[in-house]
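To find a chain, count down the sequence lines: A is the first, B the second, and so on, and within it residues start at 1. For clarity, every value in this text was computed on a predicted model and none was experimentally measured.
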Amino acid sequence: MLSEVDIAALLLTLKVAGIATVLLLIFGTPIAWWLVRTPSRWKGVVNALVALPLVLPPTVLGFYLLVLMGPYGPVGRFTAEVGLGTLPFTFGGVIVASVLYSLPFVVQPLQTAFAAIGERPLEVAATLRAGPLDTFFSVVVPLARPGFMTATVLGFAHTVGEFGVVLMVGGNIPGKTRVVSVQIYNHVEAMEYAQAHGLAACLLAFSFVVLLLLYGVNPKPGRRYGQ
Amino acid sequence: MGNKLRLRFNISYPGFALDVDLELPGRGITALFGHSGSGKTTCLRAVAGLERAADGYLEVNGEVWQDGGKGTFVPTHRRALGYVFQEASLFSHLSVRDNLNYGLKRSAAKAQGVRFEQAVEWLDIAALLGRRPEHLSGGERQRVAIARALLSKPRLLLFDEPLAALDLKRKAEILPYLERLHDTLDIPMLYVSHSPDEVARLADHLVLLAEGKAVASGPLQETLARIDLPAVFADDAGVVIDAVIGGHDDNDHLSRLDFAGGTIYVSRQAKPLGRNVRCRIHARDVSLNLEHMDNSSILNIIRANVVAVADTDNPANVLVRLDAAGTPLLARITRRSLQHLAIRPGVGLWAQIKAVALLG
C-alpha cells in the first residue's frame, strides 16, 4: 500500500516532530515561565513575536528563514563560521524552522498552565526551604502537568502537519527534508491519488487520535491548585 | 543577640503604608491584631521575606534576616521559618505524607526540630497520611499545614489567620492543637488574627495594628486592660486572667480559681488542682458597687481600686480600669452610674463579675 518512499517520509516526519517537540519543550518552557512571571515591559513584544507563526502565512516565515539562514544571511554566516554549514535544505534547517513555526503551540498552553498555578504555591514552597529552581521542578512542573501534556501533543501534532515552511526551508529532498505533507503534495502533483490517499488517511487518523487524546484523557486541564 | 525579635519595616504601596518598629519576646505567641487593612498580614509577609521592605530590619533571636542599612536580605527559602497560610496551602499534587516530607527533606539536617512521628501525633493526622489534600476537610488541611510547617524545623512560626477560613466548629477543633504547640514549643510564634477570642485564648503578647502602624505592643493582660487605646476590642473589651485551679466544690458543682487579685468561682471543671487556666472577663459583664453586697446572687465579687476612666464608642457608657491587687480588670458602666456613685481614680469599690469565660 505505502511505498518505500512513503514510509521513509513517514519516518522522517516522526523524527522531525519528535526532535522538534523535545527542543520546543526545552526552549518553550523558560519562555512561557518568563512571560508569566516577568514585570518587564518587553513582555508584550516577546508575546507578539512568539505568536507570530499563528497568523503569518508559513511561506512568509519560511522565506525569511531562508534569507536569514542562507549563505548571505546573518544566521547563515554564523553557522558557516562555526563549521555547521548553511541550514537551508538540510535536516537541521527543517528542525529549526519547525521549532519556530510550532513555538506558540507549546508556549501558550504552558503560559496558561503556569498562570493558573498562581503565586501561593511558590510562596508555600519558599517557606518550606525550596529555592527557585527546586520549586520549579517540585511544584510548578507537577501542577502544570496538564499544560505540559497539551503543549507536547499540540507541538508534536502541529509539526507533523506543517507544509509551507518545510517546503520553503527544506525543499523536497527524499530522506532529508521530504516529510509526509510534502510527499502528499508530490503524489497529487504526479496525479497519484491512491498513494496520496494512503498518506493523507494516515495523517487524518493521526490528527484525530491526537485530538481525542487531548480532549478525552485530559478532561480537566484547569484543575486548580489546592481545590 | 538575645532572646527576642526585632523588626522594623517601612513599606509603601499606593494607598497603604506599613511602618512598624517592634521588639517582641523571643518565645511564646505574639498576636498581631487589627482589622482588615491594618497591615498585619503585610507585616507577617515582610517577616517571612515574601514582601520586601526597601527599608527594614529583622532579627530573630540573634540572627539577622534583613538589614536595609547593610543591604542584607535573606531570601525566604533560606530563613528557618514555618508559615501557615490562611487558606488551604497544601500541594495538591502530593499526598499528606509527601506534603509533610516536603519541608522536612529540605530543612537543615543538623537543625534541631520536631520528629515526623511527633508532629503527626501532636496534630493527630496519622490517619490522613495516605490521603490527597482534596479529600481532607478544611480543619484537617490546616492541621496538616501546621504539621508541615513544624517539620521544616523553624526557628520562628508564622500564622496568617489560620482559622479564618474555617467555621466555628472547625475553629474549636484546631484551637487545642495550637494551645498544645504553645505549651510545647520553645520558639517564638507570630499569630495574625482579627478574632478577639483567638487572641485572648492563645496570645502572650499583643501587638495592635491600625492603618499600618503599631498602636500598642505589650504583654496580653496589660495591653487588653489599657483604656487609652481606641476601643481595643470595641464591644469585646475585657481582660484575660491567668489563674490556677484552687479547689473543687462537688456539692455546688463549682471550681475555685485563684489569681493574684482574689478568687473566682466557675462551674465545676474537669481539671486537676493546680492546673493553670486562662479566663476572660468582658468589661460588659462587670458591674461596680461601693459596698459589698452580701445579698446578691452574684458569686464573684472582688475588691478593687479605680485606676482610670475612659470614654467608649457609645457616649452613654464609660470604661473603668480597676486594679485588684495587681490584676487589672475592666468594667463598662453607664455615665450616669459613674456620676451617681462618684467613681473616680483612687476610689475603692467592689467589682461584681457576672460571667467568666474559661479559655481552653
Side-chain angles (χ1 to χ4, degrees), chain A residues 25 29-30 32-34 36-41 109-153 213-214 217-227, chain B residues 41 44-45 47-52 74-95 98-109 111 113 132-136 138 141-142 144-145 147-160 165:
Chain A
L25 288 172
T29 305
W33 183 244
W34 182 83
V36 170
R37 304 289 302 170
T38 185
S40 163
R41 60 203 169 91
L110 289 180
Q111 243 178 304
T112 312
F114 291 157
I117 291 174
E119 197 71 27
R120 189 43 57 84
L122 311 180
E123 294 185 347
V124 172
T127 66
L128 294 169
R129 317 276 185 282
L133 203 64
D134 183 1
T135 300
F136 186 81
F137 286 107
S138 64
V139 175
V140 175
V141 170
L143 286 177
R145 210 184 58 189
F148 276 100
M149 298 257 300
T150 309
T152 306
V153 170
L213 279 176
L214 201 57
V217 175
N218 201 4
K220 34 179 189 176
R223 199 180 71 157
R224 286 292 303 275
Y225 156 84
Q227 288 178 346
Chain B
T41 293
L44 199 71
R45 290 175 57 83
V47 171
L50 296 172
E51 215 73 51
R52 186 166 184 167
V74 180
T76 301
H77 67 275
R78 300 228 172 83
R79 299 183 181 198
L81 55 84
Y83 201 116
V84 179
F85 290 85
Q86 180 172 339
E87 76 299 319
S89 63
L90 300 181
F91 294 126
S92 59
H93 63 291
L94 298 177
S95 67
D98 290 341
N99 264 285
L100 294 176
N101 276 327
Y102 192 93
L104 183 63
K105 270 195 310 203
R106 287 166 174 81
S107 60
R132 307 287 289 193
E134 69 253 38
H135 297 126
L136 302 181
R141 280 180 206 174
Q142 279 312 55
V144 174
R148 185 177 63 174
L150 277 182
L151 284 171
S152 67
K153 301 179 186 167
R155 280 195 284 270
L156 171 66
L157 259 178
L158 306 171
F159 295 91
D160 184 9

Would you mind reporting whether B:Phe85 and A:Glu123 have side-chain heavy atoms less than 4.5 Å apart? yes
Highest number of heavy-atom pairs under 4.5 Å with chain B: which of A:Leu128, A:Asp134, A:Thr135, A:Val139? A:Leu128
Set of residues satisfying side chain to side chain donor-acceptor pair (under 3.5 Å) with respect to B:Arg78, sequence neighbours excluded: none
Considering only heavy atoms, which portion of B:Lys153 lies under 4.5 Å from any heavy atom of chain A: side chain, backbone, both, or neither? backbone
Of all heavy-atom pairs linking B:Ser152 and A:Thr127, the shortest is OG-O, 4.4 Å
Smallest heavy-atom separation, A:Pro121 atom then B:Phe91 atom, equals O-CE2, 3.6 Å
Minimal non-hydrogen separation, A:Arg129 against B:Arg106, with atom names: CB-O, 3.6 Å
Hey, does the side chain of B:His93 reach the backbone of A:Ala144 with a donor-acceptor pair shorter than 3.5 angstrom? no
Counting heavy-atom pairs under 4.5 angstrom with chain A, the leader among B:Ala145, B:Gly49, B:Ala80 is B:Ala80
Greatest number of non-hydrogen atom pairs under 4.5 angstrom with chain A, of B:Leu81, B:Leu50, B:Leu104, falls to B:Leu81
